[in-house]
Trainee: 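Encoded as structure tokens, here's the structure I'll be asking about.
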Protein chains: 2
Amino acid sequence: MNLDRLTELRKKKNWSLQDTADRLGIAKSTYAGYESGYRRPSFEALITLAELFGTSCDDLLGRHFEKDIELTDLKKKELSVDYRKLTETETSGVIAFIRAMREIEEKK
Amino acid sequence: MNLDRLTELRKKKNWSLQDTADRLGIAKSTYAGYESGYRRPSFEALITLAELFGTSCDDLLGRHFEKDIELTDLKKKELSVDYRKLTETETSGVIAFIRAMREIEEKK
DNA sequence: ATGAGTTATTCGCTAATTGCGTACTTAGAC
DNA sequence: GTCTAAGTACGCAATTAGCGAATAACTCAT
């Protein structure tokens, strides 16, 4: 059970092992151990890594977890189209749109 | 850094410490250590726990991670409205709907 | 090509942590 | 009261993390 994506994510950021270790506040050799699979990060380090690389712990752990997203439960703006976030108005519009579509469909 | 939600999730399932430990294939006292914060699970155990409890590792780790969802990138149906999954047609409809809304908005 | 400087990999050692069994405590059923 | 199951706490053995130092690989300029 290795953290296979670490190297990839780190290189994408153009960071050296030392850079990354510094950001984590650990020794270079320690972080190197994570990438090689020789060592495992503490939970704190894992969480910090996820933050640094802008991803989830599940992702780092190689777990492709996907929760179903219920639009009526969304409190925050999390959806985007063409890489532009939806406003609250747009999100409400989408919900209404879907309900309308379904209503039409049922009457067929 | 404790796994505070474990007890809550276990009780929601009406499992004893022993039940849960059995499912994980570890000793009761070991699992008890996770809940009390005295011990920490291995990554394998963490992942299995997330599976057993139907949640994410991020959730168990107390991390409220939310990725921005780009609708045009969605390969699978992950969205739902009124707890009913959107079909592919509906998802395409939503994207077209948003683009149309924005076009109208820009022309104002 | 040589050498300086940076980056990556490996290793021994120590300190810390895990996982287990066991024992103790509590709670409820009979 | 006694029995069983649940939860808690602890000592011990074994594993593991983290560190620095040593070594190897890579990248430049000269």
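These values consider heavy atoms only, across backbone and side chains, with no hydrogens, waters or symmetry-generated copies. Each chain gets a letter, A, B and so on, in the order the sequences are listed, and its residues count up from 1.
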Trainee: Whether K85(A) and E90(A) form a salt bridge (side-chain N of Lys/Arg under 4.0 Å from carboxylate O of Asp/Glu) is what I want to check.
Mentor: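 No, no charged N to carboxylate O under 4.0 Å.
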Trainee: Checking contacts here: which listed nucleotide (dC19(D), dC20(C), dG7(D)) is nearest the side-chain heavy atoms of R10(B)?
Mentor: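 Looking only at side-chain atoms, R10(B) lies closest to dG7(D).
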Trainee: Can you tell me if CD on E8(A) sees more than 12 non-hydrogen neighbours from other groups inside 6.0 Å?
Mentor: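 Counting other residues, nucleotides and ligands, CD of E8(A) exceeds 12 neighbours.
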Trainee: Could you check how far NZ of K28(A) sits from P of dG5(C), rounded to whole Å?
Mentor: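 From K28(A) NZ to dG5(C) P: 16 Å.
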Trainee: Measure from the side chain of L17(A), starting at C-beta and using heavy atoms only, and say which of dT10(C), dT9(C), dA17(D) lies closest.
Mentor: dT9(C)
Trainee: On DNA chain D, does the nearest nucleotide to W15(B) precede the nearest nucleotide to R39(B) from the 5' side, or the other way round? Give the residue.
Mentor: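 Taking each residue's closest nucleotide, the earlier one in sequence belongs to W15(B).
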Trainee: Can you check the Y34(A) OH to dA8(C) C1' distance for me, whole Å?
Mentor: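 After rounding, the reported distance stands at 17 Å.
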Trainee: When the distance from CG of D19(B) to C1' of dT4(D) is rounded to whole Å, what number comes out?
Mentor: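 The distance from CG of D19(B) to C1' of dT4(D) comes to 15 Å, rounded to the nearest Å.
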Trainee: Please report the C-alpha distance between W15(A) and F53(A) in whole Å, then the side-chain angles of each, then the deciding distance to 0.1 Å, and finally whether the ring-ring contact (aromatic ring centres under 6.0 Å, His included) criterion is met.
Mentor: CA-CA 11 Å; W15(A) 292 349; F53(A) 294 139; 5.7 Å; yes
Trainee: Looking for any heavy atom pair under 4.0 Å, which part of the strands does S42(B) touch: base, sugar-phosphate only, or nothing?
Mentor: sugar-phosphate
Trainee: Between dA9(D) atom P and Y31(B) atom OH, what is the distance in whole Å?
Mentor: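 Taking OH of Y31(B) and P of dA9(D), I get 15 Å after rounding.
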Trainee: Mind checking S16(A) for me? I need base, sugar-phosphate or nothing, with any heavy atom below 4.0 Å counting as a touch.
Mentor: sugar-phosphate
Trainee: Please state how far atom OH in Y38(B) lies from atom C1' in dT18(C), giving the value in whole angstrom units.
Mentor: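 That distance rounds to 10 Å.
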Trainee: Considering only dT9(C), dC19(D), dC20(C), which nucleotide approaches the side chain of A27(A) most closely?
Mentor: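 That would be dC19(D).
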Trainee: Compare the minimum distances between each of dG21(C), dT8(D), dG20(D) and the side chain of S29(B), then state the nucleotide with the smallest one.
Mentor: dG21(C)
Trainee: Is any side-chain heavy atom of F43(B) closer than 4.5 Å to a side-chain heavy atom of L46(A)?
Mentor: yes
Trainee: Does T30(A) or A32(B) map to a spot on DNA chain D nearer the 5' end, using the closest nucleotide for each?
Mentor: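 Nearest nucleotide further toward 5': that of A32(B).
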Trainee: What is the distance from CD of E44(B) to P of dT18(C), rounded to the nearest Å?
Mentor: 14 Å
Trainee: Heavy-atom distance under 4.5 Å between the side chains of H64(B) and D58(B), does that happen here?
Mentor: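 No, their side chains stay 4.5 Å or more apart.
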Trainee: What's the CG-P distance between D22(B) and dG7(D), to the nearest Å?
Mentor: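 Going from D22(B) (CG) to dG7(D) (P), I get 12 Å.
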Trainee: Rounding to a whole Å, what distance do you find between N14(A):CG and dC26(D):C1'?
Mentor: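 Nearest whole value for this atom pair: 15 Å.
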